[in-house]
Participant: 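What follows is a structure written as structure tokens; I'll ask about it next.
Side chains are part of it too, since the values below use all heavy atoms of this structure and drop only hydrogens, waters and symmetry mates. Note that the coordinates shown come from a computational prediction; the quantities given were computed from them, not determined experimentally. Whatever order the structure lists them in is the order used to number ligands and atoms, beginning at 1. In this chain, residues are counted from 1 in sequence order.
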Amino acid sequence: MKQNIAVAIDGPAAAGKSTVAKIIAEKLTYVYIDTGAMYRALTYKAIKEGVSLEEERSLMNLLKDTTIDLQQSVEGQKVILDGEEVTLDIRTEQVTNQVSIVAKHGEVRHEMVKRQRELALKRGVVMDGRDIGTHVIPDAEVKIFLIASVQERAERRHKENLEKGFSSDLEKLKDEIRRRDKIDSEREVSPLLKAEDAVEIDTTSLSIIEVAEKILRVVHDKLDRGE
Ligand code: CDP
Ligand code: CDP
């Protein structure tokens with residue numbers, strides 16, 4: 001029986017990908033890889049260094065001298081950019097609202113995908129993003145596509161912000177989510193798309209545990225069949 005497989009989890013912003021991906025990875029003792037964190041880290045560095053997010057060549061120059069490590073720790077995944085921890089810095093509103101511009105560039109994606117495929121080579125991975133099942137690991141043994149209504153996704157982010165003590169505007173969050181979904185879905189290179197062989201789960205009225213259980217059932221079915 002094949003024990004170490006790749007689980008690809010894709011979907012739009014705040015569909016619950018990273019939360020459930022972490023739970024699944026823990027249950028299976030697999031490595032969790034958050035590909036969005038890689039695009040966020042590059043966006044953060046470009047903003048900090050005053051590099052135009054629209055200029056692919058400048059971004060590529062920056063990326064070639066950039067190391068992004070995703071480290072597993074007891075407190076969760078740590079993001080290390082050029083040796084310095086940026087786990088929280090890459091989650092600001094400024095980065096969130098601009099990351100999709102960086103992720104549109106074909107060459108940037110090409111380099112990121114190359115790095116992501118190296119991380120997935122060993123299997124025993126749960127990877128989340130937008131193009132994992134369609135492009136990064138097209139031969140992933142399990143592919144999941146998570147969706148939820150815009151209202152639900154904005155409410156989740158709103159709650160998260162309030163819990164962290166940040167100010168938050170639900171209508172603004174809805175607009176930002178719609179805008180990011182649109183850029184991610186309409187870009188030319190590997191857009192956000194459900195892979196033909198992905199299992200779609202609408203998480204709108206499901207709890208985190210319910211979603212994780214559904215995915216684990218798909219994984220165990222696959223492992224039991226030993227394909
Ligand atoms: O967690 P959230 O859904 O807000 O976003 P994320 O997973 O951190 O991804 C941030 C952005 O990176 C997305 O909106 C995409 O523009 C880009 N991204 C991508 O293009 N491809 C991926 N595999 C992962 C993220
Ligand atoms: O990674 P992605 O952007 O897809 O979403 P996330 O960061 O995992 O989830 C966004 C928020 O929704 C988190 O605060 C989760 O706790 C919450 N969530 C939820 O309330 N119900 C779910 N079924 C999934 C996530």
Participant: Considering the heavy atoms of D184, write down every atom of ligand 1 situated less than 4.0 Å from one of them.
Facilitator: 13 (C), 14 (O), 15 (C), 16 (O)

Participant: Do R109 and Y39 come close enough that some side-chain heavy atom pair is under 4.5 Å?
Facilitator: yes

Participant: Any chance the side chains of R40 and T96 put a donor and an acceptor closer than 3.5 Å?
Facilitator: yes

Participant: Could you tell me which atoms of ligand 1, counted from 1 in the order shown, lie closer than 4.0 angstrom to a heavy atom of A14?
Facilitator: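 With A14 as reference, the close atoms of ligand 1 come out as 3 (O).
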
Participant: Side chain, backbone, both or neither: which part of A21 comes within less than 4.0 Å of ligand 2 when only heavy atoms are counted?
Facilitator: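 Contact part for A21 vs ligand 2: neither.
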
Participant: Are more than 12 heavy atoms from other residues, nucleotides or ligands located less than 6.0 Å from atom NZ of K122?
Facilitator: no

Participant: Which residue in the set R178, K172, R179 passes salt bridge (charged side-chain N to carboxylate O under 4.0 Å, His left out) when paired with D175?
Facilitator: R178

Participant: Using side-chain heavy atoms (C-beta onward) and a distance below 4.5 Å, is V211 in contact with L146?
Facilitator: yes

Participant: Under a plain distance cut-off of 3.5 Å, with no hydrogens placed, do D184 and S100 share a side-chain donor-acceptor pair?
Facilitator: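 Yes, D184 and S100 have a side-chain donor paired with an acceptor closer than 3.5 Å.
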
Participant: Suppose I only count heavy atoms of R157 and a 4.0 Å limit; which atoms of ligand 2 are within that range?
Facilitator: 3 (O), 7 (O), 10 (C)

Participant: Can you list the ligand 2 atoms lying under 4.0 Å from a non-hydrogen atom of E160?
Facilitator: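 By the 4.0 Å cutoff, the relevant atoms are 10 (C), 11 (C), 13 (C), 14 (O).
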
Participant: Pick, from R130, M127, Q98, R40, the option with the minimum heavy-atom distance to atom 22 (C) of ligand 1.
Facilitator: R130

Participant: Among protein heavy atoms, which sits nearest to atom 12 (O) of ligand 1, and what does the distance come to when rounded to 0.1 Å?
Facilitator: V99 CG2, 3.6 Å

Participant: Can you tell me the protein heavy atom closest to atom 15 (C) of ligand 2 and the distance?
Facilitator: T19 OG1, 3.6 Å

Participant: Does any donor atom in the side chain of T87 or E85 lie under 3.5 Å from an acceptor atom in the other side chain?
Facilitator: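 Result is yes, a qualifying pair exists.
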
Participant: With a heavy-atom distance limit of 4.0 Å, tell me whether L206 approaches ligand 2 through its side chain, its backbone, both, or neither.
Facilitator: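 The answer is the backbone.
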
Participant: Are any of the side-chain heavy atoms of I9 and F145 separated by less than 4.5 Å?
Facilitator: no

Participant: List every atom of ligand 1 that sits less than 4.0 Å from any heavy atom of K17, numbering the atoms from 1 in the order shown and giving each element.
Facilitator: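 That gives atoms 3 (O) of ligand 1.
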
Participant: If you define the side chain from C-beta out and look only at heavy atoms, does anything of V113 sit under 4.5 Å from D131?
Facilitator: yes

Participant: Which atoms from ligand 1 have a heavy atom of R109 less than 4.0 Å away?
Facilitator: 19 (C), 20 (O), 21 (N)

Participant: Look at atom 10 (C) of ligand 1 and say which protein heavy atom is nearest, naming residue and atom and giving the distance to 0.1 Å.
Facilitator: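 Here the closest protein heavy atom is R180 NH1, 3.6 Å.
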
Participant: Using distance alone, determine whether V20 and ligand 2 share an N or O pair under 3.5 Å.
Facilitator: no

Participant: What is the nearest protein non-hydrogen atom to atom 9 (O) of ligand 1, stated with its residue, atom name and distance?
Facilitator: G36 CA, 3.6 Å

Participant: Among protein heavy atoms, which sits nearest to atom 19 (C) of ligand 2, and what does the distance come to when rounded to 0.1 Å?
Facilitator: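 Answer for atom 19 (C) of ligand 2: R156 NE, 3.5 Å.
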
Participant: Any donor-acceptor pair under 3.5 Å linking the side-chain atoms of T203 with those of R153?
Facilitator: no

Participant: If you measure every N or O of D34 against every N or O of ligand 1, does any of those distances drop under 3.5 Å?
Facilitator: no

Participant: Considering only non-hydrogen protein atoms, determine which one is nearest to atom 23 (N) of ligand 1 and report residue, atom name and distance to 0.1 Å.
Facilitator: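 Here the nearest protein heavy atom works out to D131 OD1, 2.8 Å.
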
Participant: Going by heavy atoms in the side chains, are I5 and V219 under 4.5 Å from each other?
Facilitator: yes

Participant: If you count the atoms of ligand 2 from 1 in the order shown, which ones are under 4.0 Å from a heavy atom of V211?
Facilitator: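 Atoms satisfying the 4.0 Å criterion: 23 (N).
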
Participant: Please write down residue, atom name and distance for the protein heavy atom closest to atom 16 (O) of ligand 2.
Facilitator: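 The protein heavy atom lying closest is I208 CD1, 3.4 Å.
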
Participant: Would you say K214 and E210 make side-chain contact, with heavy atoms under 4.5 Å?
Facilitator: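 K214 vs E210: side chains apart.
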
Participant: Tell me, which protein residue and heavy-atom name are nearest atom 24 (C) of ligand 1, and how many Å apart are they?
Facilitator: T35 OG1, 3.3 Å

Participant: Pull out every atom of ligand 2 sitting under 4.0 Å from any heavy atom of S207, numbered as shown with elements.
Facilitator: 23 (N)

Participant: Please check if L119 and I68 belong to a single hydrophobic cluster, counting links between Ile, Leu, Val, Met, Phe, Trp and Tyr side chain heavy atoms closer than 4.5 Å.
Facilitator: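 Yes, one cluster joins them.
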
Participant: Does the residue M112 have a heavy-atom contact with ligand 1, meaning some pair of atoms that are separated by less than 4.0 Å?
Facilitator: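 No, M112 has no heavy atom closer than 4.0 Å to ligand 1.
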
Participant: Return the residue, atom name and 0.1 Å-rounded distance of the protein heavy atom closest to atom 5 (O) of ligand 2.
Facilitator: G16 N, 3.1 Å

Participant: Does E176 form a salt bridge (charged side-chain N to carboxylate O under 4.0 Å, His left out) with R157? I'd like the steps, not just the answer.
Facilitator: CA-CA 11 Å; E176 283 162 8; R157 283 278 187 255; over 6 Å; no

Participant: Using the salt bridge (charged side-chain N to carboxylate O under 4.0 Å, His left out) rule, take E111 and K114 through it: C-alpha gap first, then chi angles, then the decisive distance, then the call.
Facilitator: CA-CA 5 Å; E111 172 60 23; K114 199 172 113 203; 3.6 Å; yes

Participant: Does S18 reach ligand 2 with a nitrogen or oxygen that is under 3.5 Å from one of the ligand's nitrogen or oxygen atoms?
Facilitator: yes

Participant: Touching ligand 2 at all, G11? Heavy atoms, strictly under 4.0 Å?
Facilitator: no

Participant: Give me the residue, atom name and distance of the protein heavy atom closest to atom 18 (N) of ligand 1.
Facilitator: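 Protein heavy atom with the smallest distance to atom 18 (N) of ligand 1: Y39 CD1, 3.7 Å.
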
Participant: Does at least one non-hydrogen atom of E210 fall below 4.0 angstrom from an atom of ligand 2?
Facilitator: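 In this structure, E210 fails to qualify as a contact of ligand 2 - no heavy atom is under 4.0 Å.
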
Participant: Considering only heavy atoms of A103, which atoms of ligand 1 have at least one such atom less than 4.0 Å away?
Facilitator: 16 (O), 17 (C), 20 (O)

Participant: Any chance you could measure L70, atom CG, to T35, atom OG1, to the nearest 0.5 Å?
Facilitator: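 Going from CG on L70 over to OG1 on T35, the span is 9.0 Å.
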
